[in-house]
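Proteins come first, then strands; the chains are lettered A, B, ... in the order of their sequence lines, and each starts at number 1. This structure is a prediction, so every number in the text was calculated from the model and none was measured. Atoms considered below: every heavy atom in the structure, side chains included; atoms not considered: hydrogens, waters and symmetry mates.
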2 protein chains.
Amino acid sequence: MMEKNLTRREFLVGTGSFAAGAAVGAVLGGGVFGLLDVQAAETVAPPAPWKYVKLDPEVVRKKGWEMYWQGGCMKGAAGAIITELQEKVGFPYTMLPLEVFRYGSAGIGGWGTICGAANGAAYAMGLVLPNADISTLVSELLGWYSETALPTSKHDAYAKYPTTVQSVAGNPLCHTSVSKWCDASGLREDSDERKDRCAKITGDSAARAVELLNAYFDKTFAPVYKISAETESCRACHVTRMSDTLTKMECAPCHPNAHKK
Amino acid sequence: MMEKNLTRREFLVGTGSFAAGAAVGAVLGGGVFGLLDVQAAETVAPPAPWKYVKLDPEVVRKKGWEMYWQGGCMKGAAGAIITELQEKVGFPYTMLPLEVFRYGSAGIGGWGTICGAANGAAYAMGLVLPNADISTLVSELLGWYSETALPTSKHDAYAKYPTTVQSVAGNPLCHTSVSKWCDASGLREDSDERKDRCAKITGDSAARAVELLNAYFDKTFAPVYKISAETESCRACHVTRMSDTLTKMECAPCHPNAHKK
C-alpha cells in the first residue's frame with residue numbers, strides 16, 4: 001500500500017486521498033506527524049461550519065464587481081467572499097474551486113432562475129454558518145435582494161458606467177431582476193450597461209452577505225425582511241391551511257388572476 | 001516565517017496555507033518535495049475542470065434519495081455525485097464541504113426559487129466540465145427537469161412510499177415543482193409523502209446529471225431539450241429583437257395576459 005515510487009506529478013495531481021496521504025506518510029516515516037494526520041490535513045475538508053473572520057463589505061463589494069468579469073455573477077459573488085477568506089483565514093478556503101460557479105451564470109445555464117449573485121453569496125454564507133441558522137440568514141439575503149433598489153451607487157469609482165438607474169426586482173429571480181432593470185432603464189439585456197449592472201449587483205449581494213454574517217457573528221443580527229400583507233393573505237391558506245405550495249416570493253406578479261372569475 | 005513549533009492541532013486545522021505548507025516543508029527539509037509543491041498539494045484546489053470518471057446513474061439515484069434525508073435536496077444531489085467521485089477519484093473531491101449545500105433547501109432558504117436538486121446537480125456538473133460547455137449541459141439538465149414527469153418510479157425498492165403520482169414542473173423552480181405535485185397528488189406540502197417525493201427527485205436529478213456527463217465524456221452528448229414554439233414566439237421579440245429579458249422558462253404560466261387588453 002505504501003507507494004514510495006509515486007512520481008512527483010502523481011503526488012501533486014492526487015490520484016486518491018490514501019495514495020497521496022501515504023506518500024507523505026512514507027517520507028515522514030511516522031515521525032512528527034502520523035500517516036492519518038497528514039492525510040487528513042491534506043485532502044479532507046474540515047467539519048462545517050468553517051472559521052469566519054469579519055470582512056469589509058466595501059472590499060467585497062468591489063471585488064465582486066471585478067470577479068464578475070472573470071466568470072459571471074455566481075462566481076463573482078461566491079468568489080469575492082471566498083478569496084477574501086483565503087487571504088484572511090487561508091486553509092481550508094484555499095481548497096475551494098471557483099470556476100465551478102460558472103454554472104450559475106444568467107440564472108443557471110441561461111434559464112433566468114435564481115440570480116447568480118444571490119446564489120453565490122448564499123453558498124458562501126452556507127460555508128460559515130451553523131446548520132440551524134443557514135436558512136434564516138440566506139432567506140434574509142433573498143429578502144433584501146427582492147425589495148432593494150439595485151444596483152447600489154457605491155461602485156462609481158471603478159465601474160464602467162455610473163449607476164443612473166436602479167430597479168426593485170420584487171423576487172430573487174434573474175429573469176425578473178433583469179427584466180425590471182431593462183424596463184426601468186430602456187436598455188437592452190444584451191448591452192454592456194446591463195452586464196455592468198449585473199457586475200455591480202454581484203458586488204452588492206456579496207457585500208450584503210458579509211454585512212449579515214458580520215452582524216450574525218457580532219450577535220447583532222435580526223431579520224428585517226417581511227413578506228407583504230398581500231402575500232401573507234395568500235399564504236394563510238396556501239401555505240398554512242391547505243399547504244399546497246412552498247415559496248416566500250410575491251404571489252400577485254405571476255398569479256394576477258388568482259380567485260378572479 | 002518557518003513556524004517549527006506549530007502544534008499538531010494548529011497544523012491539522014490549518015491556520016493559513018503558508019503556515020501549514022511551511023510546517024511540512026520544514027519537516028521534509030526540501031528533500032523529496034520542495035516547500036511550494038507540498039503546499040500546493042495540501043491546500044490549493046487543482047485547476048478546473050476536475051477529473052471525471054463515469055458513474056453509475058442508478059447508484060447515484062439511490063444515494064441522492066438517501067442523502068436528501070441528511071441535509072436536504074441540494075446537499076443530496078451535489079453530495080450523491082461528489083461522494084461517488086470521492087470514492088472513485090479521491091482527491092480533490094475529498095476536499096469539498098457538503099454541509100454548505102443546506103443553503104439550497106426548499107429553493108434556497110425556503111424561497112422556492114431554483115429546485116435544490118437541480119441546483120446541486122448543476123454544481124457537480126460545473127466541477128468536471130470545461131468552462132465553455134458548462135452552460136450547455138446545465139441548461140439541458142434544467143430542460144429535462146422542466147418537462148419530465150417526476151419523480152421516476154425507480155426508487156420503489158427503498159423509498160418510504162411507492163411512486164404513484166408524477167407531475168411535470170414546467171420550469172426548474174421549487175415553488176412550481178412542489179405546487180404541481182401537490183395539485184396532482186392532493187397531498188400536502190408539509191406531508192412526509194412530499195418530502196419522500198423530493199428525496200426521489202434529488203436522486204433523479206443527480207442521476208440525470210451523471211447520464212449527461214457520461215454521454216459528454218463518451219462524446220455522445222447531444223442536446224434534446226427544445227423551448228416550446230409558444231415561448232419561442234415570445235422570445236423572438238423579447239429576447240432577440242427587443243432584448244428586454246433573459247430566461248428559458250415558459251412565459252405563459254406567469255404572464256397569462258401578455259398582449260391581451
Quick check for you: among A:P172, A:G107, A:P47, which has the greatest number of heavy-atom pairs under 4.5 Å with chain B? A:P172
So what's closer than 4.5 Å to chain A heavy atoms on B:L173: side chain, backbone, both or neither? side chain
Positive for side chain to side chain donor-acceptor pair (under 3.5 Å) with B:H238, one of B:T247, B:D244, B:T245: B:D244
Do you know which of A:H255, A:M74, A:M249 has the most heavy-atom pairs with chain B at a distance under 4.5 angstrom? A:M249
Would you mind telling me which of A:S191, A:S146, A:S177 has the largest number of heavy-atom pairs within less than 4.5 Å of chain B? A:S146
N/O donor-acceptor pair under 3.5 Å between A:Y93 side chain and A:E87 backbone: no
Segment of B:W181 engaging chain A (4.5 angstrom heavy-atom cut-off): neither
Can you say whether B:N119 sits under 4.5 Å from chain A via the side chain, the backbone, both, or neither, judging by heavy atoms? both
Given A:V239, A:N171, A:I114, the one with more heavy-atom pairs under 4.5 angstrom with chain B than any other is A:I114
Against chain B, work out which of A:N131, A:T113, A:I134, A:I108 has the most heavy-atom pairs shorter than 4.5 Å and name it. A:N131
As an exercise: rank A:V178, A:L142, A:D190 by heavy-atom pairs under 4.5 Å with chain B and give me the winner. A:L142
Under 4.5 Å from any heavy atom of chain A, what part of B:P253 do you find: side chain, backbone, both or neither? backbone
Pair B:R197-B:E193, salt bridge (Lys or Arg N to Asp or Glu O under 4.0 Å): steps then yes or no: CA-CA 6 Å; B:R197 172 262 186 194; B:E193 288 90 342; over 6 Å; no
